[in-house]
Amino acid sequence: MNAFYHGEINEFVDWLDTDGNIINASDGGIIYADGKYHWYGMAFRPLPFESGQNGGQMTDIGVVMYESSDLLSWKYEGVILEVSTDPQSQLYGPMRFERPKIIYNEKTKQYVLWCHYVKYPGNHGNEDGECDVGLAVCDTVNGKYKWQGYCKPIDKDGMVRDMTVYKDMDGSAYLIYDRHILNPKVDRCLHVVKLSDDYLSFTDTYKRIDSAAWREAPCVAYKDGYYYIVTSGLTGWQTNQAKAFRTKHLLGEWEDIGDPCVDDFTHTTFNTQGSNAFSIEGTDAFIIMLERHNTSNFLKSSYIWLPIEFNDDNTVSLRYKKEWKL
Ligand code: GAL
């Protein structure tokens with residue numbers, strides 16, 4: 001492969017690893033370490049959504065990782081956070097490690113993985129263990145991550161839905177998540193919470209992003225003093241129109257800057273939902289990772305990667321590209 005190839009907006013294109021297998025790393029991210037890019041995500045199962053608790057949106061494998069030097073050709077590195085076969089374990093499968101994100105802590109020399117944790121049988125409900133963040137750590141980027149348990153940031157009323165983790169230039173890190181409070185019923189809304197210095201817990205410092213009510217799938221990028229998040233609406237596995245927000249301070253006010261997609265006649269983020277944004281090593285260029293979920297066989301979901309265009313008026317644009325090169 002010498003270019004990103006995504007096909008038409010209504011097409012599902014397989015992205016194969018160097019062994020010829022379909023890359024199966026849902027809603028994860030990229031971390032650059034030891035001179036390589038590492039792409040990780042939750043391994044889906046080859047099943048339709050309609051099969052309910054046995055559906056493909058759960059995992060019985062875990063979080064997997066691939067490595068690459070050019071972002072195009074990916075070598076499978078294996079399972080880094082494993083589902084357990086022990087019914088007593090918090091990681092008994094099928095379950096979900098949704099939207100896993102890994103950051104490196106320079107002080108503790110540890111790789112820290114946060115995810116939206118959903119216990120067996122992987123129902124996405126409102127109970128303890130179905131709407132929390134989970135934590136795992138490792139001394140190497142591609143080793144076996146050790147599970148540390150799960151919790152709710154801020155307080156026990158705020159259930160966790162979609163999330164991401166962002167490591168800022170000064171080394172501080174933040175969880176951005178869709179906080180869902182049932183009682184008293186208030187609008188679901190994205191929140192930013194500052195992590196502790198070791199990234200293993202939460203501080204009391206947080207901000208409700210009032211402008212981002214009823215948004216999820218947050219993907220963060222930074223350029224010239226502005227932080228941007230590209231988000232989706234809340235329609236489960238169905239695609240919907242993206243909306244971006246910007247701020248000068250992660251814990252400050254965030255401004256709604258509208259749908260970043262250009263010429264998107266479908267108003268569905270080109271028939272995708274965001275997973276993550278990452279910068280190309282050594283540059284300030286960003287790629288947004290989007291996913292076209294295939295609910296009749298989750299293994300056949302496609303990964304759509306597009307460059308984020310930063311405009312002179314401090315807005316961002318996304319343009320669909322059937323095929324493109326760095
Ligand atoms: C989506 C969300 C996914 C997953 C799914 C479950 O809206 O972005 O991460 O949670 O719903 O229905």
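Order of listing sets the numbers, starting from 1, for every ligand and every atom in it.
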Mark up the atoms of ligand 1 that fall under 4.0 Å of a heavy atom belonging to His124, in ascending order.
-> 6 (C), 10 (O), 12 (O)
Is it true that Lys36 and Asp34 make a salt bridge, defined as a side-chain N closer than 4.0 Å to a carboxylate O?
-> no
Between Trp74 and Tyr303, does the ring centroid distance fall short of 6.0 Å?
-> no
Could you tell me whether Glu8 and Lys322 have a side-chain N and a carboxylate O separated by less than 4.0 Å?
-> yes
Within the structure, does Thr235 bring an N/O atom to less than 3.5 angstrom of an N/O atom in ligand 1?
-> no
Any N or O of Ala217 closer than 3.5 Å to N or O of ligand 1 | no
Under 3.5 Å, N or O to N or O, is Arg96 touching ligand 1 that way?
-> no
Determine, for Asp14 against Lys300, whether the closest basic-nitrogen to carboxylate-oxygen distance falls under 4.0 angstrom.
-> yes
Contacting atoms of ligand 1, where contact means under 4.0 angstrom from a heavy atom of Gly236 = 1 (C), 7 (O), 11 (O)
May I ask you to say whether Glu106 pairs ionically with Lys167, meaning some side-chain N is under 4.0 Å from a carboxylate O?
-> yes
Relative to atom 2 (C) of ligand 1, which among Val118, Asp27, Asp162 owns the nearest non-hydrogen atom?
-> Asp162
Heavy-atom nearest neighbour of atom 10 (O) of ligand 1 within options Met163, Glu98, Gln57, Arg99 | Glu98
of all protein heavy atoms, closest to atom 12 (O) of ligand 1 is Trp237 NE1, 3.5 Å
Please determine if Lys146 and Asp139 form a salt bridge, counting it only when a charged side-chain N lies under 4.0 Å from a carboxylate O.
-> no
Mind checking whether Glu255 and Arg246 have side chains closer than 4.5 Å, heavy atoms only?
-> yes
Glu216: numbered ligand 1 atoms lying under 4.0 Å from its heavy atoms = 1 (C), 2 (C), 7 (O), 8 (O)
